[in-house]
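One structure is given here, and the rest of the page talks about it.
Predicted, not measured: the structure shown is a model, and the values here were computed from it. Just the heavy atoms: all of them, side chains too, but no hydrogens, waters or symmetry mates, feed the values below.
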Amino acid sequence: MIPARDDDGYADLRTYAALGDGDTVALVAEDGSVDWYPVPLLDSHPVFARLLDAPAGGSVELQPVAEFTVERAYVTGTNVLSTVFTTAQGRVRVTDSIDTGVAGRLPWGELARRVEGLDGEVAMRWTVVPGTGLGRYQPWCDRTEHGPVLRVGTVSIGVRTSGTGEPMIEHRSIGGGFVTSAGSRHLIAVLSTENEPLPLPDADAIDANIDRTVDRWKQWSSLLHYDGPWADAVIRSALALKLLQNRSGAIAAAATTSVPESPDGEKNWDYRFAWVRDAAYTLHALIRLGDREEVHAAMSWLLRVVRDQGADAEVFTRLDGGTPDDERRLDVPGWRGVGPVVEGNRAAGQLQLGIYGDLFEIVTLYSSEGYVLDIATARLLARIADHTCDVWQQADHGIWELLEREHYTNSKMSCWHALDRAVRLAGVGQIPGTADRWRRERDLIRDWIEENCWSDELGCYTAYPGTDRLDASVLLGAVGGYDRGPRMQATCDALRRELGRGPLLYRFSGADKEEGTFVACAFWMVAALAETGRTDEATELMGELVPLANDVGLYSEMIAEDGTFLGNLPQGLSHLALMTAALTLIEEVLIADRPEERTSMTLIGFHASHEQASPSRLLEDVRLAEAAGFGAAMCSDHIEPWSRHQGHSGFAWSWLGAALATTDLRFGVVTATGFRYHPVVTAQATATLASMFPQRFWFALGSGEHCNERMSGVAWPPKEERQQLLGENLDIVRRLHAGEVVDHDGAVKVDRGRVWDRPETPPDILLPALTPGTAGRFADRVDGLVTVNAPLEDLRRILGAYRDGGGRGRTVLQVHLSWAPTRERAREIAREQWATNALPPELMAELATPEEFESHAAELDDGDLEGAVIVSDDPAEHVDFLCEFAELGFDEIYLHHVGPDQRPFIDTFGDAVLPYLP
């Protein structure tokens, strides 16, 4: 049957597909009617606007005369639409395109509609009926010497046809009819200009442009790099966003104005403007897909606009960069009579603090891809960072552009994000400034959010302080890296309980009474679940959301609970959120579930030194490290510190339980057994942690040091005996983890040893090795190798011996380093805290007390020290060192800043080192 319109002539929003050329977008309903087509630009007064004004808006109709059914899809990799109409008499294919030319975009508008007979005979009818430009003009037909031209205000519209017979020319329209047969080919094209002469190319040239346009779209989409699930949806979303990108580089939020968010009206907005937020998200997605040309064009536009506006930048602009007009209501009915129809946007001039986080996020990504900022932009960004410090405590209108000003949680998180990225940019020399103020204000923002925006009663972040209302935009705090820990996990759960409807999500508490669910929020939930480690839930949710697109893969802004599309379309933010969700999820799954496929990714972890901090301080440090972007953590199991200067040595096993319970990091520990621990005790301790925290715990079993084992009262044996004991202990622990009841009579005795609580998958056992001999000797009996920084050639030999000995598991490197604002201070920290560890490994294994270590370390010079500790005040220099280690092939690198105060190190490396490591 013919796809239904209502009695007033309005089509269901789900039936629209989009065409475009970078200047404008056309919407084609399922019945073949082009109901929206502003020319020459997307934000021009729409000449064809049946979408909002069925009686007088205008359309370009093309369909069979008889009843028909429809099957349609985009030509693969393009924004060219192919529709097959089937009638009782035959079938016909219509290919719709807004054409490009030989040199790219045409200097005129060219909407081309090719018709091909497939079988049988199908009578077709077509009409080109321009509208009133939403109540502004009276169209008329000008009969020129070159044919009829339709005039609508300053716009001229010509029609070119082929194989359609003689057109019927009326006072305000041009139309006709024809019959297709198998193999027949026909063309109707609508040409347009504004305040310019109107070219009327011949039909053959227009028909060739359709094929050329298909080729151009395919060439562009072939450059996108995405190899993962939901590939069709991701590429379609990228193509939809490409439709919304103006030739200036500006990215429109949507292709339409005034499509209602609520059937009750009064929630109709004009989205044909460029929001900094949308530009940032688009660039973020395109960078990850590898589209450098569009990234540069959009970034140039964005920075040009910001430079023109200064530190107090507007939230959005016109597509040409100009100031948006105030909202104006037009006297037309609106889609299905739901008004108002508006031009302009009332949010112009609002204070929205989120703009600062969006801006700095995209500049950071842009610079990380190898782009260098110009001096003027760099200075402006430094001023904007200072401005963020000044304004973050103000109430604003928030991401949802509400009339009420509040201290919205998302806005504060965005300010944190802005200053966090500003510190990072300063750390790598992209913007001027020492960043001390930005770092302090960033930390104050976090403290403020945690004190004021978290509700103990509700167990989640709220929309703003003092309310029990929830806001789904808080999920962006996970996407942006503000919080990916237990609090954000709890907030995800609370949002799904209160705002969720099936897989979809409302924007905020109470929105269900006045609008549909917000598509982007549901995809933000996917990304947040992935970022907080809940990849299975995220994958399931993504699988439910992707099919909610219409038949050609497009999304509107909102979806009602009955599946009806609401709001402007295609909506850029909906497609952006889908892409962000898919890209985030595939990255997190790759890291968490398929480490063997991380061929070019090195996990960077944090080393927690029990010898240098109290357990409670170290627990706070590891939480800060997680927030800063470290992907895992490890520690060593000590009884004694290496020196009295260090002054601590908490019990690693107690601490590990607390650390695993209060972070989402994976942890490892280097320990020894056979002296202070019996191997059954070690097996029980490790199995318990692995049972409580599956897939998040590993341990490295070594032969120990005298200083940590002497209190057992056992005479300290020679190295060879210790290695024999290690071999026995490895076998015993492995058998216990496998569920065996173990009896053993060797260097260590076991009488019917058993571990009752065991994990489904035993924890990995790694081998600590400082020499090639040790690495090769036990390689085929362990699940991985851990060693410490040494000259590159020494590390190559250790890795080679491990692989040659049959080692196939992960390789882990612990890097001792010292960083401070000056090189002199970094060297002082290294000497004071870590000189004892610059001694030869053979000697360190034999010394019994911190005093003995200190005595031997006093004889070392700076050369000895810097051979054991990487000393530098320059984050970029640390990046270079760490990249060299990564290139050796280590799967994981754990950074140990040897100073007692970890917070400055965590802040600096989170900002200026981690983002630049492989």
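- Evaluation of the salt bridge (Lys or Arg N to Asp or Glu O under 4.0 Å) rule for Glu760 yields no partner, not counting sequence neighbours.
- Scanning both residues, Arg676 and Ser712, for their nearest heavy atoms gives N-CB, 4.1 Å.
- Few gaps surround CD on Glu846; more than 12 heavy atoms of other groups in view lie less than 6.0 Å from it.
- In plain terms, the two heavy atoms of Gly784 and Tyr802 that are nearest each other are CA-OH, 3.2 Å.
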Check your understanding: Taking it one step at a time, do Gln684 and Leu736 satisfy side-chain contact (heavy atoms from CB on, under 4.5 Å)?
Key -> CA-CA 8 Å; Gln684 183 186 37; Leu736 290 166; over 6 Å; no
Exercise for review: Applying side-chain contact (heavy atoms from CB on, under 4.5 Å), run through Leu785 and Ile798 and close with a yes or a no.
Suggested key: CA-CA 9 Å; Leu785 171 79; Ile798 291 171; 3.9 Å; yes
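- The local environment of CD in Glu640 is crowded, with over 12 non-hydrogen atoms from other residues, nucleotides or ligands closer than 6.0 Å.
- Distance check: Glu728 CD to Asp745 CG gives 9.5 Å after rounding to the nearest 0.5 Å.
- A perpendicular orientation is assigned to the rings of Trp416 and Tyr482, their planes being inclined by more than 60° (bins at 30° and 60°).
- Within the model, atoms OG1 of Thr584 and CG of Leu529 stand 11.5 Å from one another, a figure rounded to the nearest 0.5 Å.
- Between His816 and the options His878, His896, His897, a ring pair (Phe, Tyr, Trp, His ring centres under 6.0 Å) holds for only His896.
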Practice item. Evaluate the criterion side-chain contact (heavy atoms from CB on, under 4.5 Å) for residue pair Trp819 and Ile829; output intermediate values, then yes/no. Key: CA-CA 8 Å; Trp819 172 86; Ile829 290 171; over 6 Å; no
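- Applying the ring pair (Phe, Tyr, Trp, His ring centres under 6.0 Å) test to residues at least two apart or on different chains, none of the pairs has a partner in residues 764-783.
- With sequence neighbours excluded, the residues that form a side chain to side chain donor-acceptor pair (under 3.5 Å) with Ser609 are Glu611, Gln612.
- Atom OG1 of Thr535 and atom CD1 of Ile586 lie 12.5 Å apart (nearest 0.5 Å).
- We find the CG-CD1 distance between Asp901 and Ile906 to be 9.0 Å, quoted to the nearest 0.5 Å.
- With respect to Glu828 and Arg825, a salt bridge is recorded, a charged nitrogen being found less than 4.0 Å from a carboxylate O.
- A salt bridge between Glu824 and Arg827 is absent, with no side-chain N of the basic residue lying under 4.0 Å from a carboxylate O of the acidic one.
- By the side chain to side chain contact (heavy atoms under 4.5 Å, CB included) test, Ala490 pairs with Trp454, sequence neighbours left out.
- No salt bridge links Arg440 with Asp443; every basic N to acidic carboxylate O contact stays at or beyond 4.0 Å.
- Looking only at atom types and distance, the side chain of Asp873 has no donor-acceptor partner in the side chain of Thr822 under 3.5 Å away.
- Between the side chain of Arg696 and the backbone N or O of Leu660 there is at least one donor-acceptor pair closer than 3.5 Å.
- Considering CG of Leu425 and CG of Asp911, their distance stands at 9.5 Å, rounded to 0.5 Å.
- When every heavy atom of Val622 is checked against every heavy atom of Ala659, the shortest pair comes out as CG1-CB, 4.5 Å.
- For residues 776-793, the side-chain hydrogen bond (donor to acceptor under 3.5 Å, both in side chains) pairs, not counting sequence neighbours, are Glu720-Arg777, Gln723-Arg777, Asp731-Arg781, Arg734-Asp783, Glu793-Arg796.
- A 6.0 Å sphere centred on CG of Asp447 holds more than 12 heavy atoms belonging to other residues, nucleotides or ligands.
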Exercise for review: Go through the steps for Cys883 and Leu917 under the test side-chain contact (heavy atoms from CB on, under 4.5 Å), then give the verdict.
Suggested key: CA-CA 6 Å; Cys883 285; Leu917 294 175; 4.1 Å; yes
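- Summarising the geometry of Thr682 relative to Phe699, their closest heavy-atom pair is CG2-CE1, 4.4 Å, with the distance given to 0.1 Å.
- For His645 and Thr836, the side-chain atoms include no donor-acceptor pair closer than 3.5 Å.
- Every pair passing ring pair (Phe, Tyr, Trp, His ring centres under 6.0 Å) that includes a residue from residues 848-868 is listed here, sequence neighbours excluded: Trp642-Phe853.
- Taking both residues in full, the closest heavy atoms of His737 and Pro763 are given as CE1-CG, 3.7 Å, listed atom of the first, atom of the second, then distance.
- Interatomic distance, Trp438 CH2 to Asp420 CG, rounded to the nearest 0.5 Å: 12.5 Å.
- The two atoms that bring Phe606 and Ala625 nearest to each other are CG-CB, 3.7 Å, heavy atoms only.
- Looking at Glu892 and Arg666, a side-chain N of the basic residue comes within less than 4.0 Å of a carboxylate O on the acidic one, giving a salt bridge.
- Ring pair Phe905/Phe630 is tilted by interplanar angle, where 30° to 60° counts as tilted.
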